[in-house]
Protein chains: 2
Amino acid sequence: MATGSDIQQRLEEMRAALVKRGVAITPKRAKVLEILATSDEHPNVGDLHAEVQRWHPSTSLATVYNTIELLKETGQVLELEFSAAANRYDGRRPDSHPHLVCLECQRIDDLEVPEPEGIFEAIGAETGYEVVRQRLDYYGICPNCQKKRESRLSGQAGFVALNDRANY
Amino acid sequence: MATGSDIQQRLEEMRAALVKRGVAITPKRAKVLEILATSDEHPNVGDLHAEVQRWHPSTSLATVYNTIELLKETGQVLELEFSAAANRYDGRRPDSHPHLVCLECQRIDDLEVPEPEGIFEAIGAETGYEVVRQRLDYYGICPNCQKKRESRLSGQAGFVALNDRANY
DNA sequence: AGGGGTTTTAGAATGATTCTAATTTGATAG
DNA sequence: CTATCAAATTAGAATCATTCTAAAACCCCT
């Protein structure tokens with residue numbers, strides 16, 4: 001369970017990450033951060049937008065998307081993706097099983113990992129849910145794309161320093 | 001590794017399931033089934049459509065969606081969902097962790113399950129992928145929706161038999 | 001040949017997300 | 001205090017996968 005100081009700490013991490021990233025903590029952005037640090041309901045963009053608007057009625061959807069993008073870049077929010085791309089299908093193994101998803105080329109490989117016996121029942125007993133299926137995906141870079149990356153990077157200079165700016 | 005008879009067997013299961021479901025195995029549907037039983041690339045609807053069109057050029061996207069829908073209903077295909085609904089966000093725990101997703105009301109709960117130590121590295125060693133994050137979701141019906149279901153079902157008659165029909 | 005269902009079609013509708021070009025904002029220098 | 005300028009924000013258009021819809025095509029059976 002989250003205590004008040006947990007939330008304060010989370011909020012401070014988020015703010016620090018954005019400042020380090022070189023962007024301003026504007027009132028509207030601050031409100032998005034606050035909702036995300038507070039809510040345990042896994043809100044979607046529409047939820048966030050509606051809530052921010054209670055305080056800043058002129059806020060647009062684009063601002064919420066913009067703030068989330070910044071938080072994603074800095075690892076300050078976990079996105080549960082339901083709409084990244086087109087659905088993919090597996091007709092050879094119609095039972096749920098783990099996959100390896102390449103973030104670069106969208107290749108998807110099956111992964112052979114036996115599922116713990118009776119896991120659905122165990123989770124059901126603990127949480128009250130009636131579990132019917134699972135989804136376990138590992139995301140990363142496939143061997144091919146790693147090679148491509150190496151050749152692209154070889155002989156390239158280091159990063160350029162990002163700009164920094166005073167807050168609002 | 002899939003052998004020819006594996007594929008034949010898979011195909012036969014799919015066909016049998018659709019026949020049992022009471023729909024015809026038309027040439028276009030048969031081609032969708034064949035691709036799904038054969039392909040190890042987790043195709044999306046566009047891929048399937050393009051491939052079916054090589055054999056049946058007049059095939060529409062709607063037919064592919066229709067066939068997939070039938071296969072999903074009968075449990076003959078695994079859908080890796082990337083576009084079911086709006087994305088959801090967790091700002092309290094930005095690290096990847098397991099979730100319980102209610103299929104009825106879309107409620108999402110965090111699940112406390114410690115991740116096996118060094119799992120990313122182990123998978124990397126086995127597959128060559130450079131794993132950077134995971135996603136583990138359990139899908140089911142939350143306690144609230146189970147209650148609603150029970151009250152809705154109490155005193156209701158059984159199912160009506162489905163129609164059955166000769167094939168094309 | 002005709003009836004009556006299923007299947008298929010093209011195109012419109014939907015909905016989340018991304019893009020774009022214009023406007024607003026706020027910190028800062030003069 | 002005002003002008004300046006980049007960052008922030010906006011409304012609305014564009015995109016894209018998916019779903020919906022109403023009409024047309026198809027097939028079996030008499």
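Worth knowing before you read on, the calculation uses all heavy atoms, side chains too, and leaves out hydrogens, waters and symmetry mates. Throughout, a chain's letter reflects where its sequence line sits, starting with A, and its residues are numbered from 1.
- C:dT7 atom P lies 13 Å from atom CG of B:Leu33, rounded to whole Å.
- Heavy atoms of B:Asn44 sit nowhere under 4.0 angstrom from any nucleic acid atom.
- Residues from residues 53-76 of chain A lying near DNA chain C, meaning a heavy-atom separation below 4.0 Å, are A:Tyr65 in numerical order.
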What side-chain donor-acceptor pairs closer than 3.5 Å can you find for residues 28-38 of chain A, not counting sequence neighbours?
{"from": "A:Lys28", "atom 1": "NZ", "to": "A:Ser58", "atom 2": "OG", "distance (Å)": "3.0"}
{"from": "A:Arg29", "atom 1": "NH1", "to": "A:Ala24", "atom 2": "O", "distance (Å)": "3.1"}
{"from": "A:Arg29", "atom 1": "NH2", "to": "A:Asn66", "atom 2": "OD1", "distance (Å)": "3.3"}
{"from": "A:Lys31", "atom 1": "NZ", "to": "A:Glu34", "atom 2": "OE1", "distance (Å)": "3.3"}
{"from": "A:Thr38", "atom 1": "OG1", "to": "A:Glu34", "atom 2": "O", "distance (Å)": "2.6"}

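- A:Thr26 has its side chain out of reach of A:Thr63: every pair of non-hydrogen atoms, C-beta onward, lies at least 4.5 Å apart.
- The interatomic distance linking B:Glu81 (CD) with D:dT19 (C1') rounds to 14 Å, in whole Å.
- Within the structure, ring pair (Phe, Tyr, Trp, His ring centres under 6.0 Å) pairs that include any residue of residues 96-129 of chain A comprise A:His97-A:His99, A:His99-B:His42 (at least two apart or interchain).
- Each of A:Val45 and B:Lys28 lies near DNA chain C, and the nucleotide nearest B:Lys28 is the one positioned closer to the 5' end.
- Remark: C1' of D:dA7 and CZ of A:Arg21 are 12 Å apart, rounded to the nearest angstrom.
- Computed from coordinates, the A:Leu48 CG to C:dT17 P distance equals 11 Å when rounded to whole Å.
- One atom, CD of A:Glu79, and another, C1' of C:dT18, lie 13 Å apart when rounded to the nearest Å.
- Judged as a salt bridge (Lys or Arg N to Asp or Glu O under 4.0 Å), and not counting sequence neighbours, A:Glu117 has no contacts.
- For the ring pair (Phe, Tyr, Trp, His ring centres under 6.0 Å) condition, no pair includes a residue of residues 11-32 of chain A, sequence neighbours left out.
- A:Ile25 has its CD1 atom 13 Å from the C1' atom of D:dA7, to the nearest Å.
- Remark: C1' of C:dT8 and NZ of B:Lys31 are 18 Å apart, rounded to the nearest angstrom.
- Pairs engaging residues 57-82 of chain B under the ring pair (Phe, Tyr, Trp, His ring centres under 6.0 Å) rule: none recorded [sequence neighbours left out].
- Rounded to an integer number of Å, the gap from A:Arg29 CZ to C:dT24 C1' is 14 Å.
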